[in-house]
Amino acid sequence: MPQLIAGNWKMHKLRAEAIALARDLRAGAGAGANLLVCPPFTALAAVADILAGSRIAVGGQDCHPATQGAHTGDISAPMLRDAGASHVILGHSERRQNHGETSEFVREKVVAAIAAGLTPIVCVGETADQRQGGAETETVGWQLSGSLPEGFAGIVAYEPVWAIGSGKTPTEDEVAAMHGFIRAELARQFGDAGRAVPILYGGSVKPANAKALLGLPEIGGALIGGASLIAADFLAIAGAALGG
Ligand code: PEP
């Protein structure tokens with residue numbers, strides 16, 4: 001399977017900027033990796049229109065577990081679908097930290113996303129303190145068992161919290177060890193289906209380190225924050241990915 005290179009635009013880009021970036025990506029995307037961009041909600045439909053019929057899919061950055069209701073400021077999985085999304089990022093560390101999202105709440109969102117026909121990308125990862133204390137696999141293990149519902153069919157992203165936006169990355173050995181652990185956990189939880197779940201790496205992936213990280217075992221692709229905001233950088237990372 002080709003690797004997936006996914007861009008998380010976070011709270012960046014006004015609509016005109018998002019449209020310009022989407023146009024540049026559409027014009028520059030070569031064959032090879034699968035590509036996905038996750039714009040802010042305000043730009044999602046416009047970006048989906050620009051990318052319709054292209055090789056680049058569109059996703060949301062979060063959704064609420066309910067399909068509709070009195071949830072001010074939230075957005076539902078069917079709304080994301082309606083706006084042109086095929087994927088949704090769930091349980092990103094910025095949601096877990098800034099919005100107090102627990103793994104149990106993330107699991108409810110995953111169920112809602114799958115019910116709406118979206119592919120969830122479920123983020124897990126340890127803090128610097130947890131790694132320094134030797135608790136990284138235990139932390140990720142709890143996040144996986146708490147966040148993934150029975151029969152999970154989606155994508156997992158390993159994103160060490162301390163590597164996000166910091167310019168720091170784990171060593172290649174550390175990434176390979178964690179991805180091996182996640183693969184074993186997925187197989188334990190879901191059997192054969194767990195062996196097919198793509199596991200992305202995320203955290204300060206740049207054109208300069210993409211080839212080395214994407215070449216490690218059990219890497220199904222990458223989730224990119226900062227470097228996904230610049231078309232040339234995102235496309236360079238995509239060019240380093242394995243096309244399958
Ligand atoms: C992210 O927040 O998902 C991320 C990977 O960010 P960055 O690439 O900027 O570290």
Side-chain angles (χ1 to χ4, degrees), residues 3-13 17-18 21 25 33-41 43-44 47 56-63 85 87-99 101 103 106 109-110 113 118-128 130-131 136 139-140 143-144 147 154-172 174-175 178-179 182 198-214 216 218-241:
Q3 289 183 321
L4 173 66
I5 303 302
N8 173 9
W9 294 1
K10 306 193 184 186
M11 199 171 73
H12 292 284
K13 306 285 181 193
E17 297 165 330
L21 177 54
L25 293 175
N34 291 326
L35 302 179
L36 167 72
V37 293
C38 300
F41 297 137
L44 205 151
V47 167
I56 310 174
V58 177
Q61 298 177 16
D62 182 46
C63 71
H87 292 65
V88 59
I89 298 169
L90 294 173
H92 190 282
S93 64
E94 287 154 13
R95 305 262 351 148
R96 291 180 188 263
Q97 283 187 335
N98 302 346
H99 298 267
E101 293 191 5
S103 289
V106 173
K109 294 175 179 222
V110 175
L118 295 170
T119 301
I121 301 176
V122 181
C123 302
V124 296
E126 80 286 356
T127 63
Q130 286 163 333
R131 181 165 279 271
E136 66 274 15
T139 302
V140 168
Q143 289 174 335
L144 288 171
S147 307
I155 296 170
V156 168
Y158 169 54
E159 298 208 301
V161 178
W162 53 272
I164 292 177
S166 65
K168 296 181 198 156
T169 54
T171 65
E172 292 177 16
E174 286 167 342
V175 174
M178 184 60 86
H179 279 241
I182 293 172
I199 308 169
L200 311 185
Y201 168 76
S204 294
V205 178
K206 308 280 176 218
N209 60 17
K211 201 167 179 58
L213 288 164
L214 289 165
L216 295 171
E218 297 292 2
I219 302 284
L223 181 54
I224 324 282
S228 73
L229 299 173
I230 299 162
D233 286 359
F234 188 70
L235 292 171
I237 295 169

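Residue numbers count from 1 along this sequence. Values below: every heavy atom of this structure, side chains too, minus hydrogens, waters and symmetry copies. Note that ligands are numbered from 1 as they come in the structure, with each ligand's atoms numbered from 1 the same way. Here the structure is a predicted model, which means the values were calculated and not measured.
Salt bridge annotation for Glu136-Arg131: present, with a cationic side-chain nitrogen under 4.0 angstrom from a carboxylate oxygen.
For ligand 1, the 4.0 Å heavy-atom shell contains residues Asn8, Lys10, His92, Glu159, Ala163, Ile164, Gly165, Gly202, Gly203, Ser204, Leu223, Ile224, Gly225, Gly226.
The aromatic rings of His179 and Tyr201 sit tilted relative to each other, their planes meeting at an angle between 30° and 60°.
Judged by distance alone, with hydrogens and angles left aside, the side-chain atoms of Lys211 form no donor-acceptor pair with the main-chain N or O of Ala240 at under 3.5 Å. Of the possible polar contacts, none joining the Glu159 side chain to the Val124 backbone as a donor-acceptor pair under 3.5 Å is found. Checked by atom type and distance alone, the side chain of Ser204 pairs as donor or acceptor with a backbone atom of Ala163 at under 3.5 Å. The backbone N or O of Ile219 lies less than 3.5 Å from a partner atom in the side chain of Gln3, making a donor-acceptor pair.
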